[in-house]
Structures are given as C-alpha cells and as structure tokens.
Asker: 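Below you'll find the structure I mean.
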Amino acid sequence: MQFDTRSLWIYLHFSQLQLDTIEQSYSKSVDQQAQVKEPLAVYHAQSNQLVQINHAAQSRGIKRGMGLASASLLYSNLKLFEYKESLEKTHLTQLANALYLITSDIVIMEPSGLVLRAQNMLHLYGGLKPYWHSVSQVLAKHGFHYQSACAFSIQAAKLMARLGVGIISDERSAINTQLKACALHASDILPKDIEKLKRIGVMQVAELDRIPLSELANRISRYSLDIISELRGQAPSKVSFFQPKSHYRDYIELLYEITNTDKLQPVLKHTLEKFSQFLYLRNAQCLHIDIQLFQREHEPMLLGVDSAMPIYRSQDWLEIITLKLDKVQLLSPIYAIALSCDEYENVALSNEDFFARKSTHIAAMSLLSRLGGKLGSDKIRGLRFVQDFRPECSSQLCDYTAIASNGEPNATKSAENSIFADRPGLLLAEPSLLTQKVKVIKGPERVLSGWWEDKNVSRDYYIGQSDQGQQLWLFKTPEQQWYLHGYFI
Amino acid sequence: MNPILHELQNKQWVWTAAQSRCSSADSSRVKTGFKHLDKALSGGFPAAGMVHIHSHLGCGELRLMLAALQAQTMRQIKENETQTASEKNAASNDKLWVFIAPPFVINAEFLLAHNINLNQVILIQPDTYEEVLWSAEQCAKSGACASVFIWQNTLKHQQVRRLELASLQGQCHCFWFDNSQQQKSNLPLSLSLSLTREDSDILQVKINKQKVGWAKAPVKVKVPFVCRTGKLFTQKQTPLAGKNIVHLHKLT
Amino acid sequence: MATSSKLPVIPSKTPRFAELICQSNFSFLYGASHPEEYVRQAYFLGYQAIGITDECSMAGVVRAYTEIKNNHIPIKLIVGSLFRFHEQTLVLLCPNKEAYRECCRIITNARRRAEKGEYSLAEWDLKSIKHCFCLWLPSGNADKDKHWGAWLQKHYKERLFLVIKRWLVPNEDEYIHHCQLMAQQFDLEIIASSKACMHDSSRLSLQHCMQAIDKGICVSELGRSALSNAEACLRPLNKLGQLYPHSYLENAAILAQRCQFCLSELAYEYPAEVVAQGMTPSDYLRFLVEKGIKLRFQEGLPADIRNTIEKELTLIKEQHYEHFFLTIYDIVQFAKRQGILYQGRGSAANSVVCYCLEITAVDPRQISVLFERFISKERNEPPDIDVDFEHERREEVIQYIYQKYGRQRTALAATVVCYRFKSALREVGKALGVNASDLDFFIKNVNRRDRALSWQSQLGELGIEPESSFATRFISLVEQLMGFPRHLSQHVGGFVISAGPLYELVPIENAAMQDRTVIQWDKDDLESLRLLKVDVLALGMLTAIRKCFDLLERHYQQACSIPFITKLGDDPQVYKRIQKADTVGIFQIESRAQMSMLPRLKPACYYDLVVQIAIVRPGPIQGDMVHPYLRRRDKKEAVSYPSKEIEAVLSRTMGVPIFQEQVIQLAMVAAGFSGGEADQLRRAMASWKKNGALHKFRDKLIKGMTKRNYSSAYAERLFEQICGFGEYGFPESHSASFAVLAYVSAWLKHYYPAVFYVGLLNSLPMGFYTASQLVQDAKHHKIEVLSCCALASDYDHTLVFNKGQYAIQLGLRLVKGLKESSAKALIDERQQKSVHSLAAIKALGLPDSCMQALASANAFACFANNRFNARWQLMDDISKLPLFAESLKPTKSLDVSTKHEIQRVQDAYKDYIRQPSLFDNLLEDYASTGLSVNQHPISMLLEANLLPKFTLAKNLKVIEHKSLVKVIGVVACKQSPGTAAGVTFITLEDHTGNTNVIIWQRSARAQKQAYLNAKILQVNGILERGDGNVIHVIAGKLIDQTHLLAQLDIKCRMFR
C-alpha cells in the first residue's frame, strides 16, 4: 500500500519494552511506588550486548551496547534477562489493539515501533493537540517508556523518535529544523552505506541533504537511496496497516432461569451450533473454548473446555462439555450463558492428511477429550523414558498431549540406543525397607549415579523371589540395608 | 500436486482398505506363544474381551501375555507390505495401551523392553472406584485401545458384564488383575486364569473359565526375564562412520 | 531376611593378577587418572604388572615408565595400545621390541590416515602384526563376534586372548556366558581385566565430567552413555577374586610375565649423514672445530681457550654427543648459506665449541663460560641447544630439515597442552551446568596471583556458597582436572631426527597445521628416554636485525653482521643510551619493568646486560633477590658468602642467585642434592604450573640446607626463588645469547636510528610496541616520518633521503584492509606507467576494498586534496563501466587540459562535500593505519583547549620529588605483572613522550570505570623519583577523558 507524501505521521519508539514489563512485574511484587533499585538489564545473546538497562544499572556505569564481561566487572550482581523479540512483538500488538480504539491507521514496525497516521484523524479530533492527548493517555495507561516524533514521512518520524528528539507538531519548518540535526546512524539506511557516508564526512541529515539524489545514485545501494528519498519526503513509505484479530463471542440471555445443569443441554446445543456454523464458514477449527455461566447471585462461573485435537462440530464439543458439566455445582440459578473463543485456526489443507489420520486416531483423540473432560486432564498422563541410571528418574509421567500431537516418537528413538535389562513392570515410587523373606536369584548390578545433583544413588540391585512366588527387585545399600524397589509383573 | 505425494496417498488408501478387511475378519484366537497353553485355550487368548487374572502381585502375570499382545498389534501392521516404515510407525501409534490405577508406578523401561511404543501408553489415575470403572468402560468401548489394564480385587457381576460388553464392542482386551484371596466364579468373562509360580522360570496356569471349551488341568509355562540374550549387551559405542574412523576427542 | 548369592566362594588364597588394560588421561576426555597414579595404585594393590594402553596412543607410557624408574617402584610396566575396530575392542600388548615397533607403526598408520583427533585402523594393519599379543573384548553381538573372532583367530593364532571385563552392569551374566562360548569356540584363553579408566573409584565424577566435556553437554544429560558405576578402576585383589574365576586372573599374570619389553631398550640412533664420509663422528667434529678456530681466533688461540676446547671435546666424546652438535652445525650452515640470521642459545650453546661451529656469536672471552656448568656429566642432562632463526624465514629451515632427513625420520615433538585453572574451571563449570556468563565472570574476577586468598576462597567471595555441596563438587573437580593433559599440540620447534624411520621409535600423528606431524611424546618424555631433540625457534628480533643489515648495505654501503658488531667491543656510547632507558624497540630490555630497572642497574658491559636480562624476571623478584643485588652493586652492602661452595656458585652475581643454573647448583652444593635429584628439581621447575610437583622438594631442600648450617631464612628464600623460577625460569645460557642481540639492537638504534626503526617496523608484529609507539619514539629522536602515499610508498617501510638526512617513508603494509597482492600490483603499475589521477588509479582495477583502504589512509592525498574528496570520487561506480574506463586510461604525461579537468571536477563537489577537519583526519589516521604522523590526540586536544592544565611528559623531569602532578595521555599500555601483586602499570602517551603511572589495587577498584574503560586518561597523583632518576606517577584520582575523543580507536595493549 502506498500513501501520499503529505500525510502527517506519528512514530512511537518503545526503547525498552521488555525491560519495562520486567520492572512492572517487580514493582508489583516489591513496592508499588519506588523505582526498581536493583540493576537490571536485557541481554542480547547473539551480539553479546546489553540492549536495555534500567536506571539503577545506568547509575553504576553500565551502558547500552556493553558486553557481558565488562558489565559484570562494573557490577557483578547485575540481573540479566535474555532479549525476547517475540515478547516485544506481543506487547506491540497489545498496544496496537488498545490504540485501535482511538485511531484507525496503525502500522506495527517490529520489533519496537508503532506508526500512527495522524493526518486523517486531525479533522475528527479537531487538531493535533487533542488527538495526541488521547493517544498519550492510552499510552500512559500501559506505562511503557516511549519516544515520539511527528513528521511528514514515516522515515523522518522514525529517525527522530529513535534519537529521542521528536516533537509533536505539524509545522513543517519546526519539524525540518529538528530533522536536519539528526545523526544518520539511527536511520534505516544500510549500515554499509552509513559507513560510506561517514567516510566522506556526511553524518547528519543536513549534510546529506546538500547532496543531490542524482549524485548519490551511483554511489550507494538502491535500498538506502529509497530510504533517503523517503526521508526527504520525496517518496512514500510502503507499509501495511494493522488489522485487529477477530474473536468469537456469543452471549445468550435465557428465557427462564436454569438450576439444573442437565437442563442446559438444549441451550448449549443451540449455542454450539451457531459457533460451529461460524467456524464452518471460515473453514476453521479450534482447541479451546470458554463457556461462562452467569449465576443470579454469584460470580459468573468460567468453564474452559479443551479438546485433544482441533474440532469444529457441535456434537463433538457438546460431548466434552456434557462430561464437564457433570462435575459442576451451580451456586444459584443461571440467567445467561456466553461462549467465547479467542483463538481458532484455519484448517490447513496440507496439514489435515485425511488418509494418514485414520479413524482409530480420531477415536483415540475423542476418548482422551472425554476422559479429560470427566476426570480432569491432570488425571490422564503419558509415560516418558529418560536415559538415567537411577530407576526413579528413568520413568517419568508427562502430559498426554504428547500422544495427541502424534509427532516424533522421541521416547522410542532414544530408547533404541539403550540396553534393556531385567526390569520390573511396577516400580515403587519410594523404595521401602525389605520386610519379607526373599531368595536372591540374580545379581548384583551396581548403580552409582546422580552425584551431580545431591541425589546420589549407590546400590547393588538383585532380583529376588518370595515364598509366594513373587519376583521382586531389591537393592542393597553400602550400609548393607535391603530395600524393595519393584515387582516383576 | 506432487505425483509422488499423490502416489503415496494412493497407497495409504489401499492400506486403509486392507486394515478394515483384517479387523472384520478377526475371529481367530491370539496365540499365547506357549503350545500347551494354546491347546488348553482352544488356540490362544480370545481376540477381544475381558480377561481375569488371579495371582499374587509380581508373578509374571503381565509378562505372560505381553509378548503375545504386542505381537498381535505388530501383526496387524505387518499385514500390508506396501507401507513405509514411517507409516507403520504412525499406525502403531494408534491403538492405546491404557493402565488404569496401577498399584505402583508403571516402569517405562519395562514397556520399551517389550517393544511397546510409549506414545501409545496412557495412565489414568482416577480418584474413585466408580471413575476407575467408568474410565475402563470408556476406553474399552472406544475402539481406540489395544488393551486396558485394571487392578481391582472386587468387581460386581454387573460391572464385569458391562466391561466385557464394552471390550467386545471396542474390539480390545480388558485385563483385570486380582490378587484377592477368595476365588471368584461364574462371572460373565471371556477368560479367567489363576497363576502360581513354580520356580524362578516356571508359571503354573490354571484356567478357571473360558467361553469356548472347558476348564482343563493346569498348564506349566516358562516365562523368563526379558533380557535379549545373544543380542547386544554392551553399550553402543560411537557409531563408526564410513571407513571405520574413530573420533577420539573434541578439538578446540 | 535371607540372601544367597551365586558368586564364587571367597578363596583363602589371594590370587595373582596383572591389570593389562588401563586408559590414562592421555586417552583424552576418557581416562580419568594420570599414568603415574595407575602405577602407584597397582603397586599398592599388589598387582604383578600394570599395562598402560591408551587408545591408539603411546603418549602416556613414558610417564608411567619415569614414575617407576625415578621412585624405584617394583612393578612391571606393560606397554600397549587400545583400538576400536568395527565395534570390536582390541588391545595390542608389546612383549618385545619388535612388537613395540609394530605397534608404533600401526598407530602411526591409523593416525596419519585420519584427521587430527581421529584414527582409522585398517584390516591390513592388524593382519601385518606378527609380534604383539592381541586382547579381544567381544562386542556382545553374537553374529559380529563370531565373524571377528574367526578373523582374529586366523591372523593371531596363539597370540590371541579373550578378555572378560566385569563392571557389574546389567545383563553381565549373559555377556560373560557369551564370551565363554566364544572362547570355547575359538579355543582361547580367558583373561580377566577391569578395562580401567580410573585408578580409583573416587574418580567417577571426574570421568563423568570428562565425558560430558567431550560431548559438549552437561553431566546430567549424559544419561546412560555414562559409566553406570565406578567399577572401571583398579580393584583390590580379594574383590577381583570374588568376581572372577581364579584361572582368569592367573592368566593375566602369566601373560604379563610373557611381556618382556621395557622402554629403556629403545636406543636412539643418530642420522648418519651429518658425518663426512670416511671419518668418525668425533674426528669430523674436531676437524670442524679446528676450521672454526681459524675463523674465530684469527689473531691466535689463547692457551686457556685451547684448554677449554679440549675439555669440551673430551666431554662430548664421553657422552657421545657428537651427532647432536653436528646436526645443529648442519642446520646452522644451511641458514648461513641462505643468509638467514640465527643465534644459538641454551646450556650447551655457550661453549667454545659452539662458538667455533658458528652456532652462537657469544664470544667466550666476554663471558667466563664454564662448559661444565652447561653440560654436566653428573646431572646426566642431555645437552640443550635452541637455535633462533628470523621469524619470517624459519619455515625455510624447517623445510630444509624435512627435505634433508625425509619425513619418515623427522617430526616435531609434542607439547602436552594441559588444563590450567581457567580452562578447567570453564569446562567443569559447563559440565555441571553453570551458565557461560557466570563462568566468564568467575574467570575474569579470580586473581590467581593473589597469594593471600586461594582461588577456592575467591570463588566464595564471588557468590558461590562455599559450604554448599555444589561448591564442594565444583572446586574438587576443578582441582582434579587441573594438570590433566588436554590434547597434544606441536612443540614450537623441537625436532626429533633419527637414523631409521621414526615411527618405529614412537607413534607419529598429524598436527593441526597442514603437512606437520608430531610424535606422541613431549620434551620431558624425550629426555626421560634420553632421545635428543633440536630446537628450531623463531625470533622476530633476528628478522629486524637482518633487515637493518640489508638497509645498511643498501644505503650506507656497509656490510654488517652480529660478529662484526660484537667484535667492536663494549661501546660506552651505546651503554649510555641503555642506562638512560632509551630502549624502546631494543631486544629484551624494552619492557616497562626492564626500563625502570636500567637507570638503577646501569649496565656498562656485556655481562651486565646478561644479568639485567635475567634479573627482571618473576624468579629473582619473587625471591627478593633484586634489591640485595642492587645494594651490593652500588656498594651499599658488603658481599658475603655463607660458605666457600656458595661463593664458587654465586661470586659472579655478587652472592645473589639470579640464574636458574645457580639455583640448581645451590641445591647440589648447599642442600646435598644428588645429580639425579637436581635433574628432577630442574624438571619440576619447568613444569611447576602444570602439576605443582615442586613442593615435594621443599622439605628436602630446607632440611638439607639447615643440616649444612645455612640459616632457615636463607633456605626459605631460595625455595621461594625456585618457585618463581618455576614459572619463568631463566638460565644464564639463554640470557647470554639474548644479551648479544640486545646489544646489537641497541648499537643499531644508537648509530643508525632511522635504519633501526625501519627494520623494526618491517618486522612487526613482534616485541612490545605497536607501530604507533615506534613512530612516536622515532619522532622523539628527531627522525622525520612521512605518511603513506599511493605514489611514494613501497609495500614495506623505506628509508628516503629528505632534507639532508634519512627519513622514514611509511609503507603500504601499514594500511589496514589492503592486501599485499593489491599493494604490489599498484606498485608494479606505478613503475610501468605514470599515474597522475585518481581515475587512472581506479582504472588499474584494484579491488574496491583496497581502494577504500588507500583512501582512508590518505594515500591519495597526492591526487585529491583530501580524503573525503578522494572517496567521493571513488564511490562513483559509473567509471567502472568499460567504456568510461577507456577514456580514462592513464596517459604518459599530464597535459594542461587534464589538470584543468581535475580541478574542475573537484570544484564541482565543493558545494556538498566538505573538507575533513583536523579531527576527522586524526580519527581516520588511527582507524586506517593505527597511527598518525601529523597529529597526536593530546596535542590536538590541547590546541582545542579542551584539556585542563596538566604537565606534559617531557616536563615531568623538572618536577620535584613527591609533588602533586596532573598528567593526561593516551593509554598506550596497561600491565598487571604477576610479580607486583595488585599493582597496575599504565603508560600514558602524549606528543612529547611517555609517562609511567602506577596504580594501586585499591585505587583501581575504587575507580573501576575509569581504570577499565579510559582510552584517554587523566591521572592526578604524586610524582616519585627513585634510584637513577626513574620517574613514576603514583595515581590518586583517575578521570576518564575519553569522551573528549569519543571515537578514537586506539587499541591500548593490555598485558596481563
């Protein structure tokens, strides 16, 4: 999308989004008012640089762009967080969502910028000042540090915002004066071209402006040339505007209040059918929906409903929800229900391999959804094998969704390289002192492991047999104590 | 569409058809791996249904059957030769082994040693007795499970019947391990066995009841431990690539 | 509770046993014990013998051999090696010398076939074995074992044995049963073994760590690839008796008995070709010496020197060292023919024989050499001669050796690279899951020189809870790993040359460097087996001196050589300069520490220089020997000797031990060390850092001395000094050779300074100083330095005659980013055509980067009036098009219209390309050439009125002792030498000279930011004037003034 070169743009540069969120979480937990006194920094591992640092860290001489070693020399207890671009993007999207309520054209400039097209809002708000007032109020609510700038090209606004010298104004001359003094290194001109320009004494916009574009044409890259013409307001920026994500929400007031969950069935069925239709039209399905039951005299009750695989059919959802409802105790009669779904996915054609996913797989997935719905998903577990010599570490319970995902059979793969000895089918979670009379039939096998985490194991394992014919897994400690650790079922 | 992809899909289509043929024709018994026992059981374990096993805990009650059960699922997969390895893998992923409220922790290594894919294994730990039965029934009739294992000392006639029906409906085995003292009789089961250990290798199997045929004299079978004698004992060394090159140490 | 076990009943009689398979820590990152530890443990446990069998390596066997020999341990050592081969594990043992040769040969083959750090054994290798015993450890895979069992049996017959190891691992019963079946099938004797990788079970955690290091993961991630228990160690006999049938154990002992090979049998044979045909080695050596006498002593041979020569020759003959001298003579003669400058040093090098053989230029008349001091029969030391060659041309010498003796007979000695504190801490930390940034932090902040606080306690201060189990583990593992060998690397220049193929003597493997091979033993191992190595080393100063000689010849028509200069005798003028510490660039005496000592020691003759070089070293400083020496030299203290014997040793250094040889001699005469013990002490000193072996000599030394009526304080001080020597031992024999080069370089600097600087600058990188510092120094000596120019500069720096004297024309080699080939292409073109415009240069088609580099260095100043302008013209890529280039082809003469055109073009840019400021130029100068001929940052800042009032370096000499001063300069050098705990020496440079600043640790800590980061530093402090007018500023306040020249890119050199 291209836009005219006369629009007024506002660029918002969030210089330390991640650090801000960290500090916010700190002040919540420690002290509401005080600035965080502990030096914190966000660290970018690839470049080995500190990219965001808080006030406390600055006061100890730590600077942006420093390496870890020099920073730790200055202050050894510097608290570090790894830079996460995805985290910043999430926050940018949230900000865009919030701003979308008051302004229409928003561009997300990843990883840390937002652009607002002020031009078409000026009329609505009656001028830049009231418009900016509304915008800054929304921003203040989020409490992130930001630097803003107005300009008649996105590039120019971006440059000034990044340098922190922007002004909120629609006067061309004032903006230009400000722009001229800007250093080029913060612009989008390619670093190699910035270096080239620096090497001929051109470091500021003003110096660059003196050179005719035609003279530059043979000397720097096409990309940088485009940026320069955008900076000069001679070419429009190519951007795409932010589109807020859509959610599904449905709210139904009941004709009569319901006290018994059984009676909810028809209403739910109706609601789910609407939802199903919605998904069907979009060729979509989802993994999770939320059902809210509004109770007359109590807080609304929230039921999260999960499916082990993406589904859309109302019957499928209904089956899971019904199981879930069995466990629900209503505190007071329900007068309304709501259904919402925050995330749904399009059915990718390639992904859904009709033939590969056979009917048993689907049966398994719906069985797991059913079991989870009734018993609670924490009661359904998968089993994982870990290559550890300590028996209590080698079998681990895991989320059964590993099975649902039908992905890499990791456990089996790693097991291929392992040797299997005589191992009992059932293991005692805690080995217990041996109390019965046992005859040793095989052993010993010595295990000495786990010294690295204070879970030392030093045991001689034997297989024994009891008078009842039970075959038991036993071990002897260096203190000559005998324990029972498993049954050979 | 990529022609190879297309062809592959075609193959899968053929396979799916074969699978359904096979499952519809499974009236045959599951060979136990022990000749005498097969004879006593009219050819082997029933293809589906509820099996009651009465024994002390740790007599080899699961090992007695596991190899046969595993072989059964593998056989179903092997029946079609056109499948690629990964398809087989995907297929073996399908049917679940469900352990409901086992008395102790199920040992993953034990299952792996019996070639059971852990991605197929589900553990259910319900809070109540009723939920145990409900889960067992759901699993048995779902058609998604190869075998369901429960450990209970008391089941009512009615409950046993429900599980038996569910197992037959879902074409799966439901194994009921029981180490209680009293003998149970006349339950609507496919098979009921009592196991006692004779010595470190020998199990005595007494058939209490079976749908087909009569109770017979006890059968003795040899159930050894699993270790793979004659195969690989030692730890695998770093694979020697190409011309037998041994990598000694990292160079810095 | 009742248990019964199938284990054999405990026997009444303990069995005989020999462990035949042990992997030491020379099976890198697998074996977790030193070879010495195996030997001691096996003896302790009562084993009959111990086999050291590292994987495809003989690197550990000599250590075990030496341990047994030195300590007279009555246990038999069996030499062998382990191999992995198609999933089978085989161990070859050497029952006799032929077997040993075979084994070395196949290790060499397997190693040479693969990359460094790998090996690849071929079936053919194993088939060719005719003497070794082969131990077979079946894989456990029945099919494969049947195949290989049959194969092995076919080729080894009765020399094949089957090994059963019992580690108490899962399925062991079945494995043993399988092995027994195999033995039965192939009719093999079964031998018990633990296949040890640890001498003791307590090493399990270290073994795990090493495995994790090898795989680059955490110990916790090793999973089941790790050892499941600690049974792979040397176990007590009674325990083995429970684990194995006695016959298996007995079989091991019997097989051990059949192995009769001992490393002492290895006889070294010298290459024969160094001796002239028809002469005995000793006749030939005498012939060459006599020839040398005529050359060296043209004015006649004094009788005492003749005497010395006879003594030396006799000693050489007795010890059979003729070949060694002849080999070095041959190498040196090659260098001489090629015009490569060299200089011998080392214990045997400073003999008259070596002087006559032209191995060294040290005239025995100038130094009272006692040859016995260097080769001692009693000490049983092999002679030591290192020869330094020009660093840029050493490769020619190496290639000559390879070519003359052949690759089969020549290889470099190995250097065993060991885990030091830092590497051990880092690797153990990684293995224990400590994150990398924390480790960086620990390593940066632990001061290993802090004698008051051990590193263990320092880690506690840095935040590791000392009582925690983690800390205990971490520290103990680091302690264990330190001193472990890590890998073999090539020795800097130690060649082993033999008469026959070398691989029959010792296995050879590939070095990291292309076409280099190293033997698996290091210099200590070679010494233990009395094998000789020839050290061919590289020395930058020799290159510089040769370049000076070439320049002298070209510009002054003066032929010059090292002997020529030394023959002129001690020149007071030269010494005067040295005494003033005007020694930037002078060999060995150019460091800060040396410079501050020169005005105090005031060397005035050759031997003074020998002392000077040796005294400013950690050894003498740590032993507190410097001050007594100074006081005695200045006659402030009387020289006295505790005894006559000591006087004989110490009289030439005024009773103060300064040289390594003196310390060894003292140990012998004053503490009663035997020759062998003294030799062990010397070796322990050399490897002190590696294994801390020195401390076991402490008691013996002090007891020995007090018994002989020396004060215990004197003894303690001597021991301290031995410890110091350990780190940087400095023998008189080396110092004597170095002093020659120091004098020669000082002589050149005094008489031909411009030549001297050009020689040095063309030999960089070497020495202490950067090009910038050397150019500053040249300018202080009133030598004009001309900046790089595309028209005037050669690739190297040159001498040009300018304004009636020689000036230095900087060469294009200084320009960063300019390839040598491009520079040479430019110079070639320049000579063929006349090049008058930038466009013409551009038309030469040099790479873009090269043109940019030249523009940055302002080498186009001759065409464009400034850098910016030149670059702007270069940036235009239109003229690269062929058509355009045609029209710009350089013409022979520069006609008026072209000149006019240039002017016109440049005027056109004037509107938008500005002139660079002086500041711009300064930054560019430093960025592109690392120096500025025209400006100094401080003078610029001064002119710009940016600096507060301060004292320039040249003005410090008029300031009173103990007065407050303020100095500002570029931080040119930062050193925290180990000899001065906690002190940092900083050199501040301004345009008038250097200022020496001393910063105490407390000041540094309190002002960390300025101390660590400042490139331009202001120091407010107190001026101190010491002996010989040495001026220091003791820092008080440090102020970082870098912001004034924020982008100045001067890399200050940091020495730690």
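Below, chain A is the first sequence line, B the second, and so on; all start at residue 1.
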Asker: Report the distance from atom CZ of C:F470 to atom CD of A:E453, rounding to the nearest 0.5 Å.
Answerer: 13.0 Å
Asker: Within this structure, what is the CG-OG distance for the pair A:D454 and C:S468, rounded to the nearest 0.5 Å?
Answerer: 8.5 Å
Asker: Working to the nearest 0.5 angstrom, can you tell me the gap between A:E445 CD and C:D173 CG?
Answerer: 10.0 Å
Asker: What distance do C:S220 atom OG and A:K455 atom NZ have between them, rounded to the nearest 0.5 Å?
Answerer: 10.5 Å
Asker: With distance as the sole test, does C:N229 use its side chain to make a donor-acceptor pair with the main-chain N or O of A:R446 at under 3.5 Å?
Answerer: yes
Asker: Name the orientation class of the two ring planes belonging to C:H208 and A:W451 (parallel below 30°, tilted from 30 to 60°, perpendicular beyond 60°).
Answerer: parallel
Asker: Quick one: side-chain hydrogen bond (donor to acceptor under 3.5 Å, both in side chains) partners of C:T472, sequence neighbours excluded?
Answerer: none
Asker: Is A:R60 close to chain C through its backbone or its side chain, or both, or neither, when contacts mean heavy atoms under 4.5 Å?
Answerer: backbone
Asker: Write down the atom of A:I200, the atom of C:R871, and the distance for their closest heavy-atom approach.
Answerer: CG2-CB, 3.5 Å
Asker: Nearest heavy-atom pair of C:G223 and A:F389: which atoms, and what distance?
Answerer: O-CE1, 3.6 Å
Asker: Can you check side-chain contact (heavy atoms from CB on, under 4.5 Å) on C:L204 and A:L448, steps first, answer last?
Answerer: CA-CA 9 Å; C:L204 181 68; A:L448 212 78; 3.7 Å; yes
Asker: Does NZ in A:K84 sit with more than 12 non-hydrogen atoms of other residues, nucleotides or ligands closer than 6.0 Å?
Answerer: no
Asker: Closest approach of C:R473 and A:W452, non-hydrogen atoms and distance?
Answerer: NH2-O, 3.0 Å
Asker: Take C:E174 and A:K442 through the test salt bridge (Lys or Arg N to Asp or Glu O under 4.0 Å) and record every step on the way to the result.
Answerer: CA-CA 11 Å; C:E174 288 75 14; A:K442 202 165 185 254; 3.3 Å; yes
Asker: Measure distances from C:E231 to the heavy atoms of chain A and classify the residue's part below 4.5 Å as side chain, backbone, both or neither.
Answerer: side chain
Asker: Output, in order, the C-alpha distance, side-chain angles, deciding distance and verdict of side-chain contact (heavy atoms from CB on, under 4.5 Å) for A:I211 and C:W872.
Answerer: CA-CA 11 Å; A:I211 308 177; C:W872 181 249; 3.6 Å; yes
Asker: Kindly compute the distance separating CD (C:E221) from CD (A:Q387), expressed to the nearest 0.5 Å.
Answerer: 12.5 Å
Asker: Measure A:T435 against the heavy atoms of chain C and call it side chain, backbone, both or neither at under 4.5 Å.
Answerer: neither
Asker: Side chain, backbone, both or neither: which part of C:S856 has an atom under 4.5 Å from a heavy atom of chain A?
Answerer: side chain
